[in-house]
Q: 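First, the structure itself, so that you have it in front of you.
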Amino acid sequence: MEAFEEYLSKIENDAHRSRMREVLTWVKSTFPMLMPKIAWNQPMFTDHGTFIIGFSAAKGHFAVSPEAQGMAAFSDDIAKSGYSQTSNLFRIQWDEPVDFPLLERIIRYNIEDKKDCTTFWKK
């Protein structure tokens, strides 16, 4: 998780920093084969050089970005969890519970969907 320490240190609110660390640590421990990296000033995880999922901190929430295909596949489930969403990301308010089973399904979907992908972003 060293890759994320500088990013995390810039989150001023201690509770938000702790929450983001919790989520990033959960991803790494649940999917140890994924590579943590910072790109475009955001923590993300890749598999064989292709993007799997990214996160970003904002004032009132943190965003989860699984790419458009992952968003489309799980849009209904994301809505059922109460998260607001766009076509490329969904937002979890800092005080909302994280639906870790949903996050796990999304990540597993992206790993499978991109297993033969040779580019960073899916085309």
Q: Please state whether the rings of Trp121 and Trp40 are parallel, tilted or perpendicular, taking 30° and 60° as the class boundaries.
A: tilted
Q: Hey, does Asn110 have a side-chain heavy atom less than 4.5 Å from the side chain of Phe51?
A: no
Q: Enter the distance from Ile38:CD1 to Leu8:CG here, rounded to the nearest 0.5 Å.
A: 7.5 Å
Q: Same cluster or not: are Tyr7 and Val64 linked, directly or through other Ile, Leu, Val, Met, Phe, Trp or Tyr residues, by side-chain heavy atoms under 4.5 angstrom apart?
A: yes
Q: In terms of ring plane angle, is the pair Phe31 and Trp26 parallel, tilted or perpendicular, where the classes change at 30° and 60°?
A: perpendicular
Q: Please test Leu102 against Arg105 for side chain to side chain contact (heavy atoms under 4.5 Å, CB included), starting from the C-alpha separation and ending with a verdict.
A: CA-CA 5 Å; Leu102 173 61; Arg105 290 193 312 274; 3.5 Å; yes
Q: I'd like to know if Met35 and Ile107 are part of one continuous hydrophobic network [Ile/Leu/Val/Met/Phe/Trp/Tyr, side-chain heavy atoms within less than 4.5 Å].
A: no
Q: So, applying side chain to side chain donor-acceptor pair (under 3.5 Å) with Lys114, which one of Asp47, Thr50, Thr46 is it?
A: Thr50
Q: Which pair of heavy atoms, one from Pro36 and one from Ala3, lies closest together, and at what distance?
A: O-CB, 4.0 Å
Q: What pair of heavy atoms forms the shortest contact from Ile92 to Pro97, and how long is it?
A: CG2-O, 4.2 Å
Q: Does the Ser65 side chain pair with the main chain of Gly54, one donor and one acceptor, at a distance under 3.5 Å?
A: no
Q: Which atoms form the tightest heavy-atom contact between Glu112 and Lys115, and what is the distance?
A: OE2-NZ, 2.7 Å
Q: How long is the straight-line distance from OG of Ser81 back to CG of Asp76, given to the nearest 0.5 Å?
A: 11.0 Å
Q: Within this structure, what is the CE-OG distance for the pair Met44 and Ser56, rounded to the nearest 0.5 Å?
A: 9.5 Å
Q: Apply side chain to side chain contact (heavy atoms under 4.5 Å, CB included) to residues Lys80 and Asp99 and explain how you reach the verdict.
A: CA-CA 10 Å; Lys80 286 177 189 169; Asp99 186 341; over 6 Å; no
Q: What closest approach, in Å, do Arg91 and Thr86 show between heavy atoms, and which atom pair accounts for it?
A: NH2-CG2, 3.2 Å
Q: For Glu12, does the CD atom have more than 12 heavy-atom neighbours from other residues, nucleotides or ligands under 6.0 Å away?
A: no
Q: Heavy atoms, side chains only, cut-off 4.5 Å: are Met20 and Trp94 in contact?
A: yes
Q: Say you draw a straight line from CZ of Phe120 to CD of Glu67; how long is it, rounded to the nearest 0.5 Å?
A: 8.0 Å
Q: Find out whether Ile111 and Leu34 are in side-chain contact, i.e. whether some heavy atom of one side chain is under 4.5 Å from a heavy atom of the other.
A: yes
Q: Looking only at the aromatic ring of each residue, does the gap between the centers of Tyr109 and Phe74 stay below 6.0 angstrom?
A: yes
Q: Return the orientation label for the Phe62 and Phe55 ring planes: parallel under 30°, perpendicular over 60°, tilted otherwise.
A: tilted
Q: Give the cluster check for Leu89 versus Val98: same hydrophobic cluster or not, with ILVMFWY residues linked at side-chain heavy-atom distances below 4.5 Å.
A: no
Q: Between Ile52 and Val27, is any pair of side-chain heavy atoms under 4.5 Å apart?
A: no
Q: When you measure from the side chain of Gln85 to the backbone N and O of Met71, does any donor-acceptor pair fall under 3.5 Å?
A: no
Q: How long is the gap from CD on Gln69 to OG on Ser87, to the nearest 0.5 Å?
A: 10.5 Å
Q: Would Lys10 and Glu6 pass as an ion pair if we require N to O under 4.0 Å?
A: yes
Q: Let me see the working for Leu103 and Thr30 under side chain to side chain contact (heavy atoms under 4.5 Å, CB included), right down to the final yes or no.
A: CA-CA 11 Å; Leu103 193 54; Thr30 305; over 6 Å; no
Q: Let me confirm one number: the CZ-NE2 distance from Arg19 to His61, rounded to the nearest 0.5 Å.
A: 13.0 Å
Q: For Phe45 and Lys28, what are the C-alpha separation, side-chain angles and deciding distance, and is it a side chain to side chain contact (heavy atoms under 4.5 Å, CB included)?
A: CA-CA 8 Å; Phe45 291 89; Lys28 186 59 182 163; 4.1 Å; yes
Q: Can you check whether Cys117's main-chain N or O pairs, donor with acceptor, with His48's side chain at less than 3.5 Å?
A: yes
